[in-house]
Amino acid sequence: MSTQIQQSDAESEQGDSPQERRLERKRVDAEEREARAESAADEEGEHVSLVVYRYDPEVEGKTKPRFDEFQVPLKQGMTVLDALIYARDHYDSTLTFRHSCRQAVCGSDALFINGSQRLGCQTQIADLDADTVRVEPLPHQDVEKDLVVDMEHFYDQMHAVEPYFQGETPDGEEQLQSRENREKIKMSTRCIWCGACQSSCNIAAGDNKYLGPAAINKAYRFAMDEREEDDLKEHRLNILEQEHGVWRCQTQFSCTEVCPKDIPLTEHIQELKREAVKDNLKFW
């Protein structure tokens with residue numbers, strides 16, 4: 001009886017049942033085996049040199065921008081975001097960058113990769129065809145820390161075009177849209193607010209008040225929707241016709257080239273210019 005009580009007390013002190021402890025040992029053993037296998041693969045496999053922009057205004061000794069280099073084991077299907085996560089988890093936990101969905105939907109991880117604006121989660125390292133992957137924050141944006149830039153101004157420009165339907169819909173009346181009109185605006189609805197196009201635009205870099213390709217594309221999405229009332233469309237065109245609106249675009253196509261969703265941004269801007277001209281020519 002005394003022996004049973006002592007055994008029960010020992011198990012109670014350990015807190016878990018024998019079965020739970022066995023499962024925990026198996027889990028730990030599996031993690032150790034995985035870590036050993038990963039370490040062996042790291043030693044034997046190919047590596048990519050990841051060169052990352054670093055900057056931290058709040059830490060003494062890191063206020064001056066620099067580049068850090070990390071050797072990351074290259075695996076099939078690895079993206080630039082995967083490489084950054086590996087560098088953060090294995091080398092430097094202070095490495096800072098944005099990411100969320102990892103499926104090119106949220107637009108959080110827009111970066112300047114090997115000289116071009118790209119999404120980190122969408123960019124395959126194998127497709128870069130380079131021994132070194134250089135990752136920097138988006139150009140023409142204020143850097144907050146490492147690869148994180150201040151997006152507040154970009155969001156302000158997006159909201160400046162009033163990106164939402166306005167006016168009142170009669171009770172019980174459904175607003176229908178034709179297939180043709182849906183096809184016309186379909187591409188413009190794919191914008192994920194990543195800011196890559198704005199960062200690539202030389203006009204936006206020199207004119208802080210320029211609405212920019214992303215905001216103008218968002219305005220296009222509503223201005224060209226047949227369900228928007230005529231007076232509201234005219235109001236939206238008035239916003240776009242301002243000094244820092246569509247007429248500042250110089251048709252360089254840089255925004256179209258870097259858009260991760262293949263939106264024909266430059267074409268949309270030109271079409272809005274034509275709509276603005278037609279609107280101003282009305283005299284009847």
Side-chain angles (χ1 to χ4, degrees), residues 48-57 62-72 74 78-88 91-92 94-158 190-208 210 212-215 217 250 252-263 265-266:
V48 63
S49 179
L50 185 69
V51 179
V52 184
Y53 179 95
R54 305 301 303 276
Y55 166 72
D56 190 341
K62 296 184 178 181
T63 57
K64 185 177 181 180
R66 69 183 193 281
F67 283 89
D68 286 350
E69 184 172 353
F70 306 99
Q71 293 299 317
V72 177
L74 188 58
M78 175 175 274
T79 65
V80 172
L81 178 59
D82 292 332
L84 287 170
I85 292 174
Y86 184 95
R88 180 195 63 194
Y91 295 118
D92 187 350
T94 68
L95 178 59
T96 305
F97 49 92
R98 290 190 179 107
H99 69 94
S100 184
C101 74
R102 301 180 68 173
Q103 296 178 1
V105 175
C106 69
S108 299
D109 63 338
L111 301 163
F112 197 57
I113 302 170
N114 281 14
S116 181
Q117 288 81 358
R118 310 170 190 260
L119 293 183
C121 64
Q122 191 182 50
T123 306
Q124 295 278 323
I125 291 180
D127 292 341
L128 294 175
D129 193 25
D131 296 329
T132 300
V133 177
R134 186 182 178 95
V135 186
E136 302 170 69
L138 288 178
H140 311 139
Q141 311 271 34
D142 292 331
V143 180
E144 295 187 339
K145 181 181 179 183
D146 292 344
L147 301 175
V148 175
V149 298
D150 183 359
M151 298 289 288
E152 184 174 356
H153 177 67
F154 172 77
Y155 295 142
D156 287 343
Q157 299 300 76
M158 295 293 282
R190 294 182 178 180
C191 176
I192 56 175
W193 295 46
C194 67
C197 61
Q198 188 93 347
S199 171
S200 73
C201 178
N202 292 331
I203 308 305
D207 181 0
N208 199 43
Y210 175 46
N217 172 75
Q250 296 183 0
Q252 296 176 347
F253 285 91
S254 58
C255 56
T256 301
E257 291 176 0
V258 303
C259 178
K261 292 301 182 181
D262 299 321
I263 302 172
L265 296 162
T266 309

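What you see is a predicted model, and the numbers here were worked out from it, not measured in a lab. The first residue of the sequence shown is numbered 1, and numbering continues consecutively from there.
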J.: Can you name the closest pair of heavy atoms from L111 and G120 and give their distance?
T.: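 Minimum heavy-atom contact is CD1-CA, 4.4 Å.
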J.: side-chain contact (heavy atoms from CB on, under 4.5 Å) between D146 and V52: does it pass, once the steps are laid out?
T.: CA-CA 8 Å; D146 292 344; V52 184; 6.0 Å; no
J.: Within this structure, what is the OG1-CG distance for the pair T63 and D56, rounded to the nearest 0.5 Å?
T.: 9.0 Å
J.: For the residue pair V143 and P137, what are the closest heavy atoms and their distance?
T.: CG2-CG, 3.7 Å
J.: Rounded to the nearest 0.5 Å, what separation is found between the NZ atom of K64 and the NZ atom of K62?
T.: 16.0 Å
J.: Which pair of heavy atoms, one from L95 and one from A87, lies closest together, and at what distance?
T.: CD2-CB, 4.0 Å
J.: Report the distance from atom CD1 of I125 to atom CG of L81, rounding to the nearest 0.5 Å.
T.: 10.0 Å
J.: For a quick test of reading the model, state the closest non-hydrogen atom pair linking C191 to I263 and the distance between them.
T.: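 Closest pair (atom of C191, atom of I263, distance): N-CD1, 3.5 Å.
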J.: Does atom CG of D129 have more than 12 heavy-atom neighbours, drawn from other residues, nucleotides or ligands, at distances under 6.0 Å?
T.: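 Result for CG/D129: open.
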J.: Between Y91 (side chain) and Q71 (backbone), is there a donor-acceptor pair under 3.5 Å?
T.: yes
J.: Just grab all the ring-ring contact (aromatic ring centres under 6.0 Å, His included) pairs involving residues 97-118, residues at least two apart or on different chains.
T.: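 Residue pairs with at least one partner in residues 97-118: F97-H99.
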J.: Please report the closest heavy-atom contact between Q250 and I203, naming both atoms and the distance.
T.: CD-CD1, 3.4 Å
J.: What's the separation between atom CD1 in I113 and atom CZ in R134, rounded to the nearest 0.5 Å?
T.: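 Output value for this atom pair is 13.0 Å.
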J.: Whether D68 and R66 form a salt bridge (side-chain N of Lys/Arg under 4.0 Å from carboxylate O of Asp/Glu) is what I want to check.
T.: yes
J.: Can you find a heavy atom in the side chain of D131 that is under 4.5 Å from one in the side chain of S49?
T.: no
J.: For the atom pair OG (S199) and CD (Q117), what is the distance rounded to the nearest 0.5 Å?
T.: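 One gets 4.0 Å once the value is rounded to the nearest 0.5 Å.
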J.: Under a 3.5 Å distance rule, please check whether H153 uses its side chain to pair with a backbone N or O of N208 as donor and acceptor.
T.: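 It does hold such a pair.
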J.: Rounded to the nearest 0.5 Å, what's the gap from CG on N217 to SG on C255? Could you check?
T.: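 Here the interatomic distance stands at 9.0 Å.
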J.: Decide side-chain contact (heavy atoms from CB on, under 4.5 Å) for F154 and V149; before the verdict, give the C-alpha distance in whole Å, the side-chain angles of both, and the deciding distance to 0.1 Å.
T.: CA-CA 11 Å; F154 172 77; V149 298; over 6 Å; no
J.: Quick one: which of L147, T96, T94 gives a side-chain contact (heavy atoms from CB on, under 4.5 Å) with R54?
T.: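 That would be T94.
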J.: State, to 0.1 Å, how close I192 and A104 come at their nearest heavy-atom pair, and which atoms those are.
T.: CD1-O, 3.9 Å
J.: Please determine whether side-chain contact (heavy atoms from CB on, under 4.5 Å) holds for the pair R118 and V80, giving the CA-CA distance in whole Å, both sets of side-chain angles, and the decisive distance to 0.1 Å.
T.: CA-CA 10 Å; R118 310 170 190 260; V80 172; over 6 Å; no
J.: Aromatic rings Y53 and F67: how do their planes relate, parallel, tilted or perpendicular, breaks at 30° and 60°?
T.: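 Y53 vs F67 ring planes: perpendicular.
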J.: Using a strict cut-off of less than 4.0 Å between a Lys/Arg side-chain nitrogen and an Asp/Glu carboxylate oxygen, indicate whether R98 and D109 qualify as a salt bridge.
T.: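 Answer for the salt bridge query: no.
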J.: Does T123 form a side-chain contact (heavy atoms from CB on, under 4.5 Å) with N114? I'd like the steps, not just the answer.
T.: CA-CA 11 Å; T123 306; N114 281 14; over 6 Å; no
